[in-house]
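Report on one structure; see the data block that follows.
Hydrogens, waters and symmetry mates are skipped; everything else that's a heavy atom, side chains included, is used. Residue numbers start from 1 in every chain, and the chains themselves are labelled A, B, ... in the order their sequence lines are given, proteins ahead of strands.
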Amino acid sequence: MTRMGFVVDLERCVGCQACVIACKAENGTPPEIHWMRVLEEEIGTYPNARRSFTPVRCNHCANAPCVEACPTGAVVKRADGIVYIDSTVCVGTMACLTACPYYVPVRFDGGEGYFDELTPYEETKYAAFREGTAQKCDFCYQRVDSGRPPACVEACPADALGFGDLDDPDSAIVRQLHRRRHFRPREELGTDPSVYYLVGDGGGSVGGMHRGGLA
Amino acid sequence: MPTFVRGRDTTEQTVPRPGATRHERAGADWVPTTCRMCLVACQVLVRVEDGRIVNVIGDPDAPKNRGRMCAKGKSGILTHYNRSRVTRPLRRTNPDKGIGIDPRWEGISWDEAIDTISAKLRKVVSEDPRRLYMQTWADGDFAGWIGALASVVGTPYHQTGISGTCGKTIHTINYLTAGGWWDEVDFAHCNYLIDVGTQQGIATREGFNHSVPDCASARVDRGMKLVVVDPVGNNAAAKADEWLPIRPGTDAAFGLGMLNVLLNEARIYDAPYLQRHTNAPYLLAADGRYVRDEQSGKPLVFDVSSGTAKAHDDPSLAVPALEGEFPVHGIAAKPAFQLLKERAAEYPLERVERITTIPAERIRRIAREFGEAAQIGSTITIDGVELPYRPVALSWCRGPQGHKHAWHHTWALQLVNVVVGCINVPGGAQSRSTAIEWPDVTWPAVGQDGMMVPGGHTGKHATAFPGRPATRPRRMDLFELFPAAAHTRTFVPEVSRDPGRYGITDRTEMLIHTAGNQLAGGWGDVDAVADWYKSIDLVVGFAIEINETHELDDIVLPMTTYLEESAFESQDAVCGEGVAFHAIQQRVVAPPDGVREQIDVIMEVYERAGLLDDVYVALNRVLKLKPPYLLEAGRRYTHEDVLDRQARSMYGEEHGWDWFKEHGVLVWERSVEARYPGRFIKGRIPVYMENFIDRAQELAVVLADMRVEWDLSDYDPLPEWMPCQAYGSLERGEIDAIGVHYKLPYVYGGQGNANPWIDELCEKLPQSYGVLINTRLAARLGIADDDWVVIRSPVRTARVRARVTECVHPQVIGIAGHAGHWAGGKARTKGKGVNFNSLLPYDLEHLDLLSTAVDMCAPLTVRKA
């Protein structure tokens, strides 16, 4: 079996937002819509305070609430686990939006793009969108099918993003999961997400000096 | 001929990227070119469909970024398709010129624009060419086309940087201590990195898309320790093992504290390196000057082994003394290193803590860890060559070099690298382009007093050693009064306030500038700077969109975006990497009707001004053309033609412009010696700036003659911490905080904020448009998160949103990005954030009298609005 998934290395991520804009450049998402986001939070108290960066996108759950909720079958789960929305089938019930515990799907409400008129780039990209339908990260499945990585993974300057077959014991990401501590987002909800976040072991171990303060 | 590297094995990439070579790429229409969304200039592949740009990805063949791309680069698509783009020449019709005043542009024809410009150019050149001033910045070849005019007509005024801190000490100090242009870290081997006022490896700096993954691997896979010393808990601090919040303007004290621990307490330093490769053993007399051999004039060192003084290059010199006092020529002479130790001893850590607010014990521990991690004396073998192994680096840049005493902050910090011997060796602080092997060969050489003289492109960058004896100035930037500075553009508006005070009669009648926001980003108080622009008869600017600088122009010329423009550029390398390379920029799509490539425009301007033939002759040198590809007077060339000549001149018949257009980048192997040149450099580097004594004395004589009084204390051969005006105001409670500017990775480089994708990010992320105020300071002032506040500096008042946070020093207001726009072409970001530079007092008290850096400590009071 194939099960496509992502890893996100929270130690490597530097919060540069390259993945966010790479996704936007690849897919031409309209204003206010980001299929990929990097959340920023502050933790700790001065001077032991820091910001944290968490890249989030669709988790392509094996037990996806959006797939189950969609009445028209527009939300499709492929055999390899990738979940995408077919906008030619979607009629805009937004059941997926309501069902998703991660707040991932968004509705495209039309509009003129980022300027007063669509740029040639936006004209090309918006041809794929239908007003009133839902949209979300589609794992860049067209790229993946032609042997290329998703746009976010390809762009990431920190090499913090990885993807691959979670069911293949020899795949790079499975080998990473064996080596590193990790968690999946809100696993307790039973969604069986296909995104794994790698966390730190406490870097900076040169000469036995371990990371002080926050984990 | 070197070994060329064709294509790269995709298994080298952590992430498989589309195709190893040009021909395996998915889809035929991926055009290789260079991104210009910031100064890093990564190589990209641009996807074109039906004449439209539909995607941009990193070029996996390019060593600079190896297929990776950042948010700024990706957003370039909408900068290219910017709907507020200037698409035809404009002339102002409003004679009243100033900040916030509508120029009332009218469209004119190219003919009229070029006629006006060339006529003025002809006039100025024939009457007094020194009335011509040119401003360029990171403009690929175009800077060379403009700059060629300087030598042709005889004007010294070619300004090649914008920011008031750009290159002010990073280049001078890199040339001085490392022979190269800027610093990068050898992340392949580094185990301990201290970032001081920079976000090297995390969020900023040249080679960003290269250094970030290598730094991540060093941190996460190898356990490299990252310490960040910064007033702001920025992206680098977020990834650091330790963040040391520091009060702004105190980096010299931090550096001297580190030196005190290393040299005096722990006694960890690379003695053999200091003895042989620096002027540490050079003997000094009581007046601070070298003790010299009476016959040869060479500086002397004391050989402990023979008990006698010898010339520094005496082959019998066995053990040069680093410490002590020795009788030589009847005087008590001390090695320079002894004086450095004594200066460092004036900075006990309790004192450093009072100045910096960093706890003494933390500094002590960090300095010891750094010293131990340096593994002084160890070696590593790379490609069969044994090299010193010093896996530590202290990287600094924007923060410490943006100060009234920029030289001293950064000199103190760089000396930490020098004393552990980690410069240009595996694991340590690298310098870019120290050694070039092909096609030109440039290596540092031995100069005066046995000191290193950098090779390469210093022809256009004056050096701090030996420096230039001061003379009465003729130049509006007072270049003659700055013996150790490479460029002094920061002084131009100051001098133009009262040129007579300095005896300057030069004035500017015509200014040509390329796209770049010189007004908003180049100095401080923008009102003071605008006055200079207003005094110029004809200001001509090239523009993508109208920014704050253009609103003071008389004529604005549209220009091609970087996706429409070609440039040959110059060769490049990433520090420590086994390859060097040359990447080009090429036209991906044609510009809209009415828009012409800058170089075509300037050729026509020169032709109508009767200068083109002479410019061709100058360009032969500037563009490094060789026979049979030289440009000849009387002939006319297209830009493509010139590009082909550039390519063939540099790389031979096999690598003409067509080859480069197809492949994008030429890559060849470098030797280990060129990658890690540290111990192969023959000349010594300074730990003591002995030449400053003479340069200061010469300068004092000239200033006295001019009846100008300047405080020349900065010409101290040893580093010292000196407070700036903001520091004093803060101590006396006259201000609430010092405002500092810091960088965000998605706007760094200045191309960002008005781009709609970037602006949208800035709206959604908490840090970007708000100013950071520490929770404690906010509580004291009754300010809550997201409140509107009024921040007031001596020159400007601004209304901004407060971002109450734990991630900033309690005496600091943190201001990021390039916001606070007011120009017509920046409507999207009008009224958002604040233009940081406009807060800065701009006068002699806020300019470094050694490096000419602008003091970037903004003295602020803060109130709830």
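Smallest separation of non-hydrogen atoms from Y46(A) and R776(B): CB-NH2, 3.2 Å. A pairwise comparison of heavy atoms in G44(A) and E806(B) identifies O-CG, 3.7 Å as the closest pair. Nearest heavy atom pair, residue P745(B) against residue G15(A), reads CG-O, 3.7 Å. Considering all non-hydrogen atoms of both residues, I77(B) and A25(A) come closest at CD1-CB, 3.9 Å. Here the closest heavy-atom approach between residue A18(A) and residue C70(B) is recorded as CB-CA, 3.7 Å. Shortest non-hydrogen contact noted between F115(A) and L78(B) is CZ-O, 3.9 Å.
In this structure, CD in E154(A) is found 9.5 Å from CE in M69(B), a value given to the nearest 0.5 Å. Note: R828(B) CZ to Y114(A) OH = 8.5 Å, rounded to the nearest 0.5 Å. To the nearest 0.5 Å, atoms CD (Q17(A)) and SG (C762(B)) are separated by 9.0 Å. For the atom pair SG of C807(B) and CD1 of I43(A), the computed distance is 8.5 Å after rounding to the nearest 0.5 Å. Separating the CH2 atom in W757(B) from the OG1 atom in T29(A) is a distance of 7.5 Å, to the nearest 0.5 Å.
Ranked by non-hydrogen atom pairs under 4.5 Å with chain A, the options L744(B), L765(B), N82(B) are led by L765(B). Of the residues considered (C16(A), P31(A), G164(A)), C16(A) shows the highest number of contacts with chain B, using heavy-atom pairs under 4.5 Å. For the options G73(B), S217(B), C215(B), S75(B), heavy-atom pairs under 4.5 Å to chain A are most numerous at S217(B). The choice from N209(B), T775(B), D50(B), V54(B) that makes the most heavy-atom pairs within less than 4.5 Å of chain A is V54(B).
Using a 4.5 Å cut-off between heavy atoms, T805(B) contacts chain A through both its backbone and its side chain. Only the backbone of L10(A) has a heavy atom closer than 4.5 Å to any heavy atom of chain B. With a 4.5 Å cut-off on non-hydrogen atoms, A203(B) does not touch chain A at all. For H809(B), the parts lying under 4.5 angstrom from a heavy atom of chain A are both the backbone and the side chain. Contact of K24(A) with chain B is made through backbone and side chain together, with heavy-atom distances under 4.5 Å. In this structure, no portion of V56(B) lies under 4.5 Å from any heavy atom of chain A. For N774(B), the part lying under 4.5 angstrom from a heavy atom of chain A is the side chain only.
Qualifying ring pair (Phe, Tyr, Trp, His ring centres under 6.0 Å) partners for F6(A), counting only residues two or more places apart in sequence or in other chains: F139(A).
A salt bridge does not link E49(B) with K125(A): every distance from a Lys NZ or Arg NE/NH1/NH2 to an Asp or Glu carboxylate oxygen is 4.0 Å or more. Salt bridge annotation for E117(A)-R83(B): present, with a cationic side-chain nitrogen under 4.0 angstrom from a carboxylate oxygen. The pair D221(B)-R180(A) does not count as a salt bridge, with every side-chain nitrogen at least 4.0 angstrom from each carboxylate oxygen.
A distance-only check finds a donor-acceptor pair linking the side chain of E760(B) to the backbone of E32(A) [under 3.5 Å]. Side-chain atoms of R50(A) do not come within 3.5 Å of backbone N or O of G233(B) as any donor-acceptor pair. Side-chain atoms of R12(A) do not come within 3.5 Å of backbone N or O of V220(B) as any donor-acceptor pair. With N235(B) contributing its side chain and V14(A) its backbone, the two residues share a donor-acceptor pair below 3.5 Å. No side-chain donor-acceptor contact under 3.5 Å links R68(B) to the backbone of A158(A).
Sequence neighbours left out, the pairs with a member in residues 34-43 of chain A that pass salt bridge (Lys or Arg N to Asp or Glu O under 4.0 Å) are E40(A)-R51(A).
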